Amino acid sequence: MPKYFNKVIESLKEMKDSNGEIRLSNQASLVLLCLAFLWWIYHLRIFFTGQVAIVADANSYYEHFKFFIDQLAAGVYPLWDPIRGTGVPNEFFLRRIGSFNPLYLLILILTKCGLSFIHAYLAFLAFYYFLGIMGFYKLAQQFFKDNSFALTAALLLMFSSLISILFRSFAIVLFVPGVWFFYFFSAFFQTPKKHYFAGMTFCSMIILTTYLPFYFLTMLILFLLGLCFFYPSLINEGSRRCLDFVNKNRLLSFVCAICLAISLLPGWQLFQELKGGALVLPGRHYSVESSNALEVASQSVAVGGIPAAAVFEQIFSDWRTLNIGRVYIPLFAYILLLLGMFNTVNRRLLLLAFVGMGIYLISLYDATPIYGFLYRHVFYFKYFRNFQLFLWIVIFPLFILFGVEQLRLFLAQPRDNPKRQYFWLGQVILIHLGVGIYLLARQDTLLSVLISVLLSLIYFITFIIDRPIAKRPWVKISLLVLMIVLPSTDVFRYLSQNAIKLRDYVAAGQYSYDAPYHDFNFLAFTDEYVEQFVARENAQLKSGVVSTNAPWGVYYDTQYYYQLYRHLPLSVLYRYIQHRLVLYDDVQEIDEDDNGYKKIEEAFRNNQNMAFVPRGRLQNPSPAAISPRPMFDAIQENSERLQVASYDVNSLRLKTHFDTPKFLVYNDSFHQKWRASINGQKVKVVRANIAFKGLWVPAGEATVYFRFGSFTDDGFNYVLLLIFYGVGLWLVLLWRKDAQEKTS
């Protein structure tokens, strides 16, 4: 390690300034980037010590991660989620996070080292964010072929409000593999190497196993179109090099193609399952006439997208009011944009503008005809929404690259003509003077922001006048870092103050998966919760508020439970599903119409000793076994009659000893993949009481076993985990090998 730092110090001493371009070694820029990240962590420490609440979509993603990691730690791949609603297949949530990503093991390792899950998760978010910044640095390095410009771009992105999406959105899950893919793609297109090819494959695999990877696909298509428009010769040359690489490395190419094909399977399985109608997403699907629950209605700018007015209002708002989810990019990026007004336009700028404006126009939804056309004619636009995420994962980075390219062009201007030198000097002074006057006129500008404008002015003047101090590259590097980092840390101080604190958050300490759920609970929730829910429902009804059993009251559940939810008063439904295991002595067939739901409601309201199954599914034992008891038997705890022998999220094993046959209803959602056996013999799971699992259990001692999915399903997911971990390790080894060959 000391040798490495000595090498870095030497590289800092050897920096040279040639034609305005600061030559900064890769080692030195990486050290500066790491130091800046430590500074970033320090000033945002309140976020990573668990004092700030995780809100909005980030809240549910925290729960997805916790549920997944907790189950892996217990040796279970979670195919079923018994906590959400009355139980749902978990594949939808696993696809949202991309459960095969090997880097998620870091959370498990940190928890095994003694960290609480919340702190392990926050540490992972910080690491993953830095990994994304590193990917952006490497991409900018490929783009500019200069480490100083790459460092500038990375610092601008690091100290933007991109940080805030960690605590409000799931965009970081899309951003990190996406930015690394574009780095590997750009590097491979220019110089085909094995580790670049493996890197593209690995990032693509992660993206394909996340929930609907259409954000990335849209970006990639626009980028390729831009290359075809502005770099046709580069496309021809790069394509030829890529084909030559594939021909020379057929085995590698074949393995990567197989891995990509395998990574498509989880998403395809989810698509087919949701297409069948057994699962519903009414909150996003209620106005769509389609059998696939993933499909969404045509979006409106009123409920999403990137409204132009809102973005510009946030950009020029009072930075002291900055909060999670608000737009902030260091002021230096806007100065670069203004300085570029007199630059010549090159193809790089046109490419960045083409992709950025294309994404922006699509994200305006119905404000332009573009989205409507794509929704009607491009199939995948019917399956994703929340286009405002493009602002963070695409437009932010592209805007920064655009600004830094303007900086590169400005610094590349010839300085041998005195008249031109005076022109650039006047331009710099006027722009900075105008920005300074505007900021002073606002009367809410932070002092650090004004200082950054002054530092920017000094930075450009030292370049133009070419004084001796300008020949010391460390001066320019110091100015560059200070003008980005100094105001941002001041702004982040207000961001920390304004963020919702965990102690003030309505759900503080009440994330669903923070509560103990590994053991089987005979009661899904307490009597107090039911009473509170009933009181809240009655208050809503009296006040005229829309009933909670509107379509958006259920986000994701089985079709059968959703129908029960829609037809029954929630007070009646929740009193019933409070009990996880219920025993009946009689079963009756029922039609699933209004009359049938009335019978169900009456039975639930009066705790009747009568279960209901769909017509044609009646499997009663002999009439002699029927008991005259008027009320069902809700199991409250283990007893000699019924004991929970084992339990995990995918299965339940019961030991029973009944005097007479009993119809057991497990108030966990029915799904066709549930299997059951009694004393080792397979039995059919019947859909009971519209939405739940039921079966007849014989008198005497018996072992009843419920399991979701098959051992083949388990095996398939474990094999996929091994493949992803293997490809990730393979990428590291190939990268190391190529680096060693380059050094030698």
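Because the structure is a prediction, the values reported are computed rather than measured.
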Return all side-chain donor-acceptor pairs below 3.5 angstrom for residues 709-724, not counting sequence neighbours, or 'none' if the list is empty.
from, atom 1, to, atom 2, distance (Å)
Ser710, OG, Thr712, N, 3.3
Ser710, OG, Asp713, N, 3.3
Ser710, OG, Asp713, OD2, 3.4
Asp713, OD2, Ser710, N, 2.9
Asp714, OD2, Arg707, NH2, 2.4
Asn717, OD1, Tyr77, OH, 3.4
Asn717, ND2, Asp713, O, 2.8
Tyr718, OH, Gly75, O, 3.3
Tyr718, OH, Tyr77, N, 3.1

Answer yes or no for Arg84 and Tyr556: cation-pi contact, defined as NZ/CZ to six-membered ring centre under 6.0 Å and angle to ring axis within 45°.
no
Does any part of the side chain of Arg96, heavy atoms only, come nearer than 4.5 Å to the side chain of Ser60, both counted from C-beta?
yes
With a 4.5 Å heavy-atom cut-off, do Glu640 and His657 have their side chains touching?
no
Is there side-chain contact between Tyr371 and Phe387, with at least one heavy-atom pair below 4.5 Å?
yes
Other residues, nucleotides and ligands only: do more than 12 of their heavy atoms fall within 6.0 Å of CZ on Arg168?
no
Heavy-atom closest pair (Ile590 atom, Gly596 atom, distance to 0.1 Å) is CD1-O, 3.0 Å
Would you compute the distance between atom OG of Ser677 and atom NZ of Lys684 and round it to the nearest 0.5 angstrom?
15.0 Å
Which is it for Leu568 and Leu564 under the side-chain contact (heavy atoms from CB on, under 4.5 Å) test, yes or no, and what are the steps along the way?
CA-CA 6 Å; Leu568 268 62; Leu564 199 61; 3.9 Å; yes
side-chain contact (heavy atoms from CB on, under 4.5 Å) evaluation trace for Val88 with Phe93
CA-CA 10 Å; Val88 290; Phe93 298 124; 4.0 Å; yes
Any chance you could measure Phe167, atom CZ, to Ile172, atom CD1, to the nearest 0.5 Å?
11.0 Å
Provide the closest heavy-atom pair for Phe381 versus Thr218 in the form atom of the first, atom of the second, distance.
CZ-OG1, 4.1 Å
Identify the residue among Phe522, Phe692, Phe706 that makes a ring pair (Phe, Tyr, Trp, His ring centres under 6.0 Å) with Tyr666.
Phe706
Decide yes or no for Trp674 and Trp80: does some side-chain heavy atom of the first lie under 4.5 Å from some side-chain heavy atom of the second?
yes
Please tell me whether Asp648 and Ser651 have a donor and an acceptor in their side chains that are separated by less than 3.5 angstrom.
yes
How long is the gap from OG on Ser169 to CG on Asp57, to the nearest 0.5 Å?
6.0 Å
Please work out which of the three classes, parallel, tilted or perpendicular, describes the rings of Tyr561 and Tyr565, given edges at 30° and 60°.
tilted
For Gln672, is there any backbone N or O sitting under 3.5 Å from a side-chain donor or acceptor partner on Arg675?
yes
Does the plane of the ring in Tyr555 sit parallel, tilted or perpendicular to the ring in Phe92? Use 30° and 60° as the thresholds.
tilted
Without swapping roles, check the side chain of Asn606 against the backbone of Gln608 for a donor-acceptor pair under 3.5 Å.
no
Check the side chains of Thr703 and Lys655 for a donor-acceptor pair under 3.5 angstrom, ignoring hydrogens and angles.
yes
For Leu94 and Pro78, which heavy atoms make the closest approach, and how far apart are they?
CD1-O, 3.5 Å
Sequence neighbours excluded, which residues qualify as side chain to side chain donor-acceptor pair (under 3.5 Å) partners of Tyr584?
Tyr576, Asn689
With a cut-off of 6.0 Å (strictly less than), are more than 12 heavy atoms of other residues, nucleotides or ligands near CZ of Phe117?
yes
Using a 6.0 Å cut-off, check whether atom CD of Gln681 has over 12 heavy atoms from anything other than its own residue.
no
Checking ring pair (Phe, Tyr, Trp, His ring centres under 6.0 Å) between Tyr104 and each of Tyr725, Phe65, Tyr61, which is the one that passes?
Phe65
Among Arg687, Lys693, Glu273, side-chain hydrogen bond (donor to acceptor under 3.5 Å, both in side chains) partner for His671
Glu273
May I ask you to decide if Tyr562's main-chain N or O and Asp557's side chain share a donor-acceptor pair within less than 3.5 Å?
no
Under the side chain to side chain donor-acceptor pair (under 3.5 Å) test, which residues partner Thr111, sequence neighbours left out?
none
Would you call Leu581 and Asn667 a side-chain contact if the rule is heavy atoms closer than 4.5 Å?
no
Apply side-chain contact (heavy atoms from CB on, under 4.5 Å) to the pair Leu583 and Arg641, showing each step before the final yes or no.
CA-CA 11 Å; Leu583 299 177; Arg641 298 172 63 234; 3.6 Å; yes
Would you confirm whether Asn521, through its side chain, and Leu523, through its main-chain N or O, come within 3.5 Å as a donor-acceptor pair?
no
Begin with the C-alpha distance, continue with both residues' side-chain angles, and end with the deciding distance and a verdict on ring pair (Phe, Tyr, Trp, His ring centres under 6.0 Å) for His64 and Phe68.
CA-CA 6 Å; His64 302 333; Phe68 175 63; over 10 Å; no
Can Glu91 and Arg95 be said to form a salt bridge (charged side-chain N to carboxylate O under 4.0 Å, His left out), step by step?
CA-CA 6 Å; Glu91 189 66 23; Arg95 295 289 60 76; 2.2 Å; yes
Pair Lys382-Glu295, salt bridge (charged side-chain N to carboxylate O under 4.0 Å, His left out): steps then yes or no
CA-CA 5 Å; Lys382 292 181 173 64; Glu295 190 169 327; 5.8 Å; no
Here the gap from Tyr647 atom OH to Asp519 atom CG, rounded to the nearest 0.5 Å, amounts to 9.0 Å
So, taking the atom named CD1 in Ile107 and the one named NZ in Lys112, what distance separates them when rounded to the nearest 0.5 Å?
13.5 Å
Begin with the C-alpha distance, continue with both residues' side-chain angles, and end with the deciding distance and a verdict on ring pair (Phe, Tyr, Trp, His ring centres under 6.0 Å) for Tyr121 and Tyr62.
CA-CA 8 Å; Tyr121 180 69; Tyr62 166 76; 5.3 Å; yes
Kindly indicate whether the side chain of Ile690, heavy atoms from C-beta on, has any atom under 4.5 Å from the side chain of Tyr597.
yes
Closest non-hydrogen atom pair between Thr210 and Ile206, with its separation
CG2-O, 3.2 Å
With a 6.0 Å cut-off (strictly less than), is the heavy-atom count around CG of Asp593, excluding the residue itself, greater than 12?
yes
Could you give me the CA-CA distance, side-chain angles and deciding distance for Tyr375 and Asp366, then say whether side chain to side chain donor-acceptor pair (under 3.5 Å) is met?
CA-CA 11 Å; Tyr375 183 84; Asp366 56 346; over 6 Å; no
Applying side-chain contact (heavy atoms from CB on, under 4.5 Å), run through Phe216 and Leu174 and close with a yes or a no.
CA-CA 8 Å; Phe216 169 78; Leu174 306 172; over 6 Å; no
Approximate separation, where rounding is to 0.5 Å, of Arg605 CZ and Arg575 CZ
9.5 Å
Any side-chain heavy-atom pair from Ile678 and Tyr705 closer than 4.5 angstrom?
no
Tell me, do Val378 and Leu374 make a side-chain contact under 4.5 Å, heavy atoms counted?
yes
Establish, from distance only, whether the side-chain atoms of Ser669 and Thr86 form a donor-acceptor pair under 3.5 Å.
yes
